[in-house]
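Positions are given from 1 along the sequence. Whatever order the structure lists ligands and atoms in, that order sets their numbers, starting from 1.
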Amino acid sequence: MTAQEAAPVSAGRGEPLVVLSGVQKHFGQLHALKDIELTVKRGEVVVVIGPSGSGKSTLCRTINRLETIDEGTITLDGKDLPQEGKALAALRAEVGMVFQSFNLFAHKTILENVTLGPVKVRGVGKADAEKRARELLDRVGVGHQAAKYPAQLSGGQQQRVAIARALAMEPKVMLFDEPTSALDPEMIKEVLDVMVDLAQQGMTMIVVTHEMGFARTAADRVVFMADGAIVEENTPEEFFTHPSSDRAKDFLGKIL
Ligand code: ADP
Ligand code: MG
């Protein structure tokens, strides 16, 4: 990526970009998010870890409003999340999301997968969208696959296309929800390498992952969740060497 392309994401580095305050979320009787306070600054990489069912996915999903919240506020770049309509579609573009399952459009080519959003949502011209898509596909190492369909690619390649597709919308923040959990071991690194590169370019990222190597290398901060609450947050060095809560000690004992 050129310095010119990097400029928009690194501008204003360090200002609050995503702010959750007093966020409460219930699924029926289940208290899925408990009084969440979280500020992610522009350019920051926050890794969210915690046991299964602790609310990590729900947290991500509230940030691009795939889930509503019961109480509290979430702001992106100083503005409350929109509730509906065109503003909500614009929000989904500004908050790129990459899931465990690749979610590519099966009946569209790789190139079409990456150009569709910019053309339909951002109103970018087709030629410009294709040029940009090819650059992004090259950047994630799948440029030569542009004419193929998702099923013709490996899982690792599909996930890199999913990252390129989200980036094509020029998001302000990228959310990754266990992006490597469904991949065969030999494909994990190729996806993590793209994510590390993105982090180094200054992208603001919230990453749910059990890949502790990634957390140590790329995270500015680790947020540990249990039972719907943020139990502790710290730098990766501190968190991995001196977890303060019993829940975190117990969790790290199981995965490390
Ligand atoms: P994690 O990603 O940390 O594994 P989730 O955010 O997926 O956890 O889930 C947190 C809790 O909320 C779990 O108990 C889960 O079963 C529950 N949950 C998540 N989504 C829904 C839903 N749509 N309806 C009901 N319960 C849900
Ligand atoms: Mg999850």
- In terms of ring plane angle, is the pair Phe251 and His210 parallel, tilted or perpendicular, where the classes change at 30° and 60°? tilted
- Item | Residues Glu15, Lys41: salt bridge by 4.0 Å N-O rule | no
- Message: I'd like to know if Asp250 pairs up with Lys254 as an ion pair, taking the criterion as any Lys NZ or Arg NE/NH1/NH2 lying under 4.0 Å from an Asp or Glu carboxylate oxygen.
- Response: yes
- Message: Students should be able to answer this: which protein heavy-atom is nearest to atom 10 (C) of ligand 1, and at what distance?
- Response: Gly53 O, 3.4 Å
- Query: Is Arg42 salt-bridged to Asp77, going by a charged N under 4.0 Å from an acidic O?
  - Reply: yes
- May I ask you to check whether Ala32 has an N/O atom sitting below 3.5 Å from an N/O atom of ligand 1? no
- Item | atom 24 (N) of ligand 1: any protein heavy atom closer than 4.0 Å | yes
- Task: Please answer: with hydrophobic residues joined when any side-chain heavy atoms are less than 4.5 Å apart, are Leu192 and Met187 in the same cluster?
- Result: yes
- Message: For the CZ atom on Arg134, are there more than 12 heavy atoms of other groups (residues, nucleotides or ligands in this structure) within a distance under 6.0 Å?
- Response: no
- Query: Do the charged groups of Glu135 and Lys131 touch, with an N to O distance under 4.0 Å?
  - Reply: yes
- Query: Is Val196 reachable from Leu136 through a run of I, L, V, M, F, W or Y residues, each pair having side-chain heavy atoms under 4.5 Å apart?
  - Reply: yes
- Query: When you measure from atom 7 (O) of ligand 1 to each heavy atom in Gly28, Pro51, Ser57, Ser52, which option holds the nearest one?
  - Reply: Ser57
- Item | Any N or O of Gly55 closer than 3.5 Å to N or O of ligand 1 | yes
- Note on the structure: the protein heavy atom lying closest to atom 27 (C) of ligand 1 turns out to be Phe27 CD1, 3.3 Å
- What protein heavy atom sits nearest atom 9 (O) of ligand 1, and how far off is it? Thr58 OG1, 3.8 Å
- Does Gln100 bring an N, O or S atom to under 2.8 Å of the Mg ion (ligand 2)? no
- Note on the structure: Ser54 heavy atoms within 4.0 Å reach ligand 1 at atoms 1 (P), 3 (O), 8 (O)
- Within reach of ligand 1, part of Leu30 (heavy-atom separation under 4.0 Å): side chain
- Message: Please state which option from His26, Lys56, Glu67 has its nearest heavy atom closest to atom 3 (O) of ligand 1.
- Response: Lys56
